[in-house]
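By convention here, the first residue in the shown sequence is residue 1.
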Amino acid sequence: MESEARRPYRMGARAAAVEATRARILEAAAALWTRRWYDDVTLQHIADEAGVSVQTIVNHFEGKDGLADVLADRLASQTAVVRQAPTGEVQAIVAVLFDDYERHGDANVLWTAQVDRVPAIARAAAHARSQHRAWLEQVFADRLPAPGPAREHELALHYAATDIYLWKLWRRDLGLSRVDAERAMCDLLTSIDPRKRNHE
């Protein structure tokens with residue numbers, strides 16, 4: 001008869017194997033969706049990339065949309081970790097933001113272009129917008145007014161000044177170097193600082 005000591009070990013090993021399989025599937029989906037349109041990637045493509053069966057994906061995530069939802073949550077959690085920046089230090093804030101955009105910006109732009117026709121991506125985009133707003137409130141807490149219309153106005157300005165599409169404009173469309181693009185964003189954020197504008 002199996003000893004009591006070995007049962008927890010086997011259960012732990014099984015749980016670890018399940019988690020490793022989930023992680024492999026999520027990584028495979030992320031790799032494919034960063035290069036191709038959502039509709040062009042099938043569960044079979046993801047299964048082949050992850051080295052599992054389609055049924056395994058269905059067992060873990062119920063289907064393609066379920067997988068996309070879990071992946072979006074995972075990426076959001078990772079974003080929250082990597083975007084840590086000191087409040088009010090514009091250069092450091094922009095550097096952290098660009099680190100994220102340089103790694104994931106092209107994939108984010110690709111996903112955003114599909115918001116109107118893919119519900120899973122629309123949900124992910126809504127969460128990302130909320131997360132970005134919360135991040136702005138944190139890193140620019142020293143300059144934002146108290147809650148109210150004035151604060152909403154300033155958040156709208158800061159959101160526009162740090163949006164992924166502005167990064168795309170500078171880095172991809174206009175071909176600016178990262179150094180020049182970061183400097184441009186820093187200048188823009190400095191120019192919209194309400195503390196300076198209110199004293200002019």
Side-chain angles (χ1 to χ4, degrees), residues 11-85 93-139 155 158-160 162-173 178 181:
M11 290 175 63
R14 187 176 298 116
V18 167
E19 187 55 37
T21 298
R22 284 176 64 87
R24 199 161 66 249
I25 294 168
L26 287 165
E27 288 164 7
L32 289 168
W33 279 326
T34 57
R35 304 190 304 264
R36 298 164 62 179
W37 292 92
Y38 181 86
D39 292 339
D40 292 340
V41 176
T42 66
L43 285 182
Q44 187 63 60
H45 291 141
I46 297 168
D48 291 344
E49 182 85 5
V52 300
S53 68
V54 170
Q55 188 58 51
T56 297
I57 298 176
V58 172
N59 291 344
H60 281 278
F61 302 101
E62 297 184 356
K64 191 172 167 181
D65 281 359
L67 173 57
D69 286 338
V70 174
L71 178 59
D73 288 342
R74 185 190 196 209
L75 294 176
S77 297
Q78 292 172 350
T79 298
V81 172
V82 301
R83 282 200 189 177
Q84 297 298 316
I93 292 167
V94 170
V96 164
L97 185 63
F98 265 70
D99 282 344
D100 185 25
Y101 283 168
E102 293 291 322
R103 283 194 301 268
H104 306 296
D106 292 316
N108 288 343
V109 169
L110 178 63
W111 266 52
T112 303
Q114 304 172 76
V115 163
D116 292 338
R117 60 189 185 82
V118 181
I121 293 180
R123 290 191 295 271
H127 180 66
R129 286 192 294 269
S130 176
Q131 186 179 27
H132 188 69
R133 175 193 165 97
W135 179 77
L136 291 171
E137 291 187 289
Q138 175 188 338
V139 297
L155 278 168
H158 285 73
Y159 202 116
T162 58
D163 189 66
I164 187 76
Y165 276 103
L166 190 54
W167 169 86
K168 176 183 178 293
L169 172 68
W170 285 331
R171 294 286 284 129
R172 300 295 182 252
D173 301 340
R178 174 170 173 172

Taking [X] for the side chain and [Y] for the main chain, is one N or O donor matched with an acceptor at less than 3.5 Å?
| X | Y | result |
| --- | --- | --- |
| H45 | T42 | yes |
| R74 | L26 | no |
| K64 | V41 | yes |
| R35 | A31 | yes |

Just wondering, do [Y] and [X] contact through their side chains at under 4.5 Å, heavy atoms?
| X | Y | result |
| --- | --- | --- |
| Y165 | T112 | yes |
| Q138 | Q84 | yes |
| V82 | V96 | no |
| D106 | T34 | no |

message: Going by the rule ring-ring contact (aromatic ring centres under 6.0 Å, His included), which residues pair with H132 if we only count those two or more places apart in sequence or in a different chain?
response: W135, Y159

Euclidean distance, [Y] [atom2] relative to [X] [atom1], rounded to 0.5 Å:
| X | Y | atom1 | atom2 | answer |
| --- | --- | --- | --- | --- |
| W170 | Y101 | CH2 | OH | 11.0 Å |
| R103 | N108 | CZ | CG | 11.0 Å |
| W37 | Q114 | CH2 | CD | 5.0 Å |
| R24 | T56 | CZ | OG1 | 9.0 Å |

Test applied, side chain to side chain contact (heavy atoms under 4.5 Å, CB included); reference residue, W33; option that passes from L71, I121, L110: L71

- prompt: Does a donor on one side chain sit under 3.5 Å from an acceptor on the other, for D65 and Y38?
  reply: yes

query: Using a distance-only test with no angle check, is there a side-chain donor-acceptor pair under 3.5 angstrom linking S130 and H127?
result: no

field: Closest heavy-atom pair and its distance - E49, A28
entry: CG-CB, 3.4 Å

- prompt: In this structure, are over 12 heavy atoms from other groups packed under 6.0 Å from D40 atom CG?
  reply: yes

- request: State whether the number of non-hydrogen atoms from other residues, nucleotides or ligands found under 6.0 Å of E102 atom CD is greater than 12.
  value: yes

